[in-house]
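Report on the structure given below.
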Amino acid sequence: MIKRTLAACVAAATLSTAAQAADVEVLHYWTSGGEAKSVAYLKEKLTEAGVGWKDFAVAGGGGENAMTVLKSRAVSGNPPTAAQIKGPSIQEWGELGFLSDIDSVAKANNWDALLPGVVSDVMKHDGKYVAAPVNVHRVNWLWANPEIFQKAGATIPTTWDDFLVQAKKIQDAGYIALAHGGQAWQDATVFEAVVLGVGGPEYYQKAFVELDADALNSATTEEVFRVFGEIRGLIDENSPGRDWNVATSMVINGEAAMQIMGDWAKGEFTVAGKTPGVDYACVAAPGTSGSFTFNVDSFAFFAQSDADAQKAQQEMAKQILGQDFQKVFNLNKGSIPARLGMARDEFDSCAHASMDAFVSSAQTGGLVPSFAHGMAVPEAVSGAIYDTATNFFNSDQSAAEGKAQLIASIQAAM
Ligand code: GAL
């Protein structure tokens, strides 16, 4: 009896060591309904592949909180196995020597051929893959509740001037025009849509990606702040601090007519059982129909000394680029697959619009990286833009003051 119990204990201990050795601890900030469903599928795929999942979720839209926690863990010599890091930050972590490459997986599975150049370039450090992309989000979307529009006698706007006119009609009919969460990254998301819609992609690229002094110091920048300032009056008084998914639920529930947000918002409509084109509309943010602000989510891998941990990382990287994962994850998340050549039929009309715009905007110069979502400029500069946008939006600064502040804060951060 004792012998049998001991044997069982040894077997269990062996099992748990094996499971532990193959664990991945994954830092992410996907905690809303649609996001949680998406990340749960990654866990499911890894479990199927024999890799254990240690969840390291840090709530907070846009990931600012998660990045703060990641820095403290990394500095104390205890980084997670993988973390949701994207854009130029991947390079910054790579330069600091924290990342391990997953190039053997990428080569064996031909990632260079599976990914668009605009995505694969960002995943590499020193020519080697150090991160795996899960999706492509389009940020410049307007989400609308058609019933409210109808009741208010309003039409879905296609320019920012028209947006201001239609929003007024909606307010007069007793609804909140724009569902908004007063957090710096959400202010910056709306600001980014105004920059693109008012200035166009060429101005966007020059001013907010290349940080060209003349483009920043132009009449266009002042016009951007004028329009952005008008939006202050279109949100409700309870917006300060509100989470983005709570703002989305206001459009879903018929409290507010519109939200300007990336297509992770679609994940919330999907979880609520809503159908695009019937229960809600997804259109390009005003003035941006030919453009696409891209935001690619990815997991970067932190250097591990343990061989089993490295193996688990490689399995995770392999699963992420798999067709199953790219399909199901993106159906839940609201984004489109990062992997090329995926079947479109199970995706909805919003995803089709995004897929088409991704391809066409790349040909016309309208494909630009999102500065509000860490894709365009180093963290210090995007922080300066966040601060300017949020200070302006929450004050009565004039457009001229907004522009001056923007130039000064970008210069100080460079
Ligand atoms: C974005 C991120 C999305 C989504 C959103 C809200 O920056 O790329 O995946 O999570 O923030 O947190």
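By convention here, the first residue in the shown sequence is residue 1.
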Any donor and acceptor pair, going by atom type alone, linking the side chain of [X] with main-chain N or O of [Y] inside 3.5 Å?
X      : Y      : value
Glu192 : Phe371 : yes
Thr390 : Tyr386 : no
Asn253 : Ser249 : yes
Gln171 : Gly233 : yes
Ser361 : Ala357 : yes
Trp143 : Met261 : yes

Any side-chain donor paired with an acceptor under 3.5 Å for [X] and [Y]?
X      : Y      : result
Ser370 : Asn295 : no
Ser335 : Asn330 : yes
Ser32  : Asn245 : no
Gln259 : Thr248 : yes
Glu35  : Tyr29  : no
Gln304 : Ser100 : no

Specify the closest pair of heavy atoms between [X] and [Y], including all atoms of both residues, with the distance to one decimal.
X      : Y      : value
Ala300 : Ala131 : CA-CB, 3.8 Å
Ala22  : Ala312 : O-CB, 3.5 Å
Pro337 : Val136 : O-CG2, 4.2 Å
Arg242 : His180 : NH1-O, 2.8 Å
Thr288 : Ala193 : CG2-O, 4.0 Å
Val118 : Phe358 : CG1-CZ, 4.0 Å

* Asked: Out of curiosity, Gln313 CD to Lys318 NZ, how far, rounded to the nearest 0.5 Å?
  ->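 Atom-to-atom, Gln313:CD and Lys318:NZ are 15.0 Å apart.
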
* Asked: Should the ring pair Phe228 and Phe392 be called parallel, tilted or perpendicular, given that the plane angle runs from 0 to 90° and is split at 30 and 60?
  ->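 The rings of Phe228 and Phe392 lie parallel, inter-plane angle below 30°.
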
* To do: Sequence neighbours left out, what pairs pass salt bridge (Lys or Arg N to Asp or Glu O under 4.0 Å) with at least one residue falling in residues 199-213?
  =>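 Qualifying pairs, neighbours excluded: Lys206-Glu210.
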
With a 4.0 Å cut-off on N to O distance, would you call [X] and [Y] a salt bridge?
X      : Y      : value
Arg226 : Asp161 : yes
Arg344 : Asp356 : yes
Asp101 : Lys107 : no

Check: [Y] and [X] side chains under 4.5 Å, non-hydrogen atoms:
X      : Y      : value
Lys333 : Asp297 : yes
Met123 : Ser298 : yes
Leu406 : Phe225 : yes

* **Criterion side chain to side chain donor-acceptor pair (under 3.5 Å) on Thr189 and His373, from CA distance to verdict** => CA-CA 8 Å; Thr189 300; His373 293 275; 3.0 Å; yes

* To do: Check the pair Glu255, Asn145 against side chain to side chain donor-acceptor pair (under 3.5 Å), reporting the backbone distance first and the verdict last.
  => CA-CA 9 Å; Glu255 272 173 80; Asn145 180 312; over 6 Å; no

Just checking [X]: does its [atom1] atom have more than 12 heavy atoms from other residues, nucleotides or ligands closer to it than 6.0 angstrom?
X      : atom1 : result
Glu379 : CD    : no
Lys168 : NZ    : no
Glu237 : CD    : no
Asp121 : CG    : yes

* Asked: Can you name the side-chain contact (heavy atoms from CB on, under 4.5 Å) partners of Ser104, sequence neighbours left out?
  ->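 With neighbours one apart ignored, the set is Gln314.
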
* Asked: Are Tyr41 and Trp30 near enough that their ring centres are under 6.0 Å apart?
  ->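 Ring centres of Trp30 and Tyr41 not closer than 6.0 Å.
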
* Apply side chain to side chain donor-acceptor pair (under 3.5 Å) to the pair Gln166 and Thr155, showing each step before the final yes or no. => CA-CA 7 Å; Gln166 303 304 329; Thr155 51; 3.3 Å; yes

* Which residues satisfy the ring-ring contact (aromatic ring centres under 6.0 Å, His included) test with Tyr203, sequence neighbours excluded? ->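 With neighbours one apart ignored, the set is empty.
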
* To do: Identify the residue among Leu340, Leu321, Val122 that makes a side chain to side chain contact (heavy atoms under 4.5 Å, CB included) with Leu115.
  =>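 Considering Leu340, Leu321, Val122, a side chain to side chain contact (heavy atoms under 4.5 Å, CB included) with Leu115 is found only for Leu321.
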
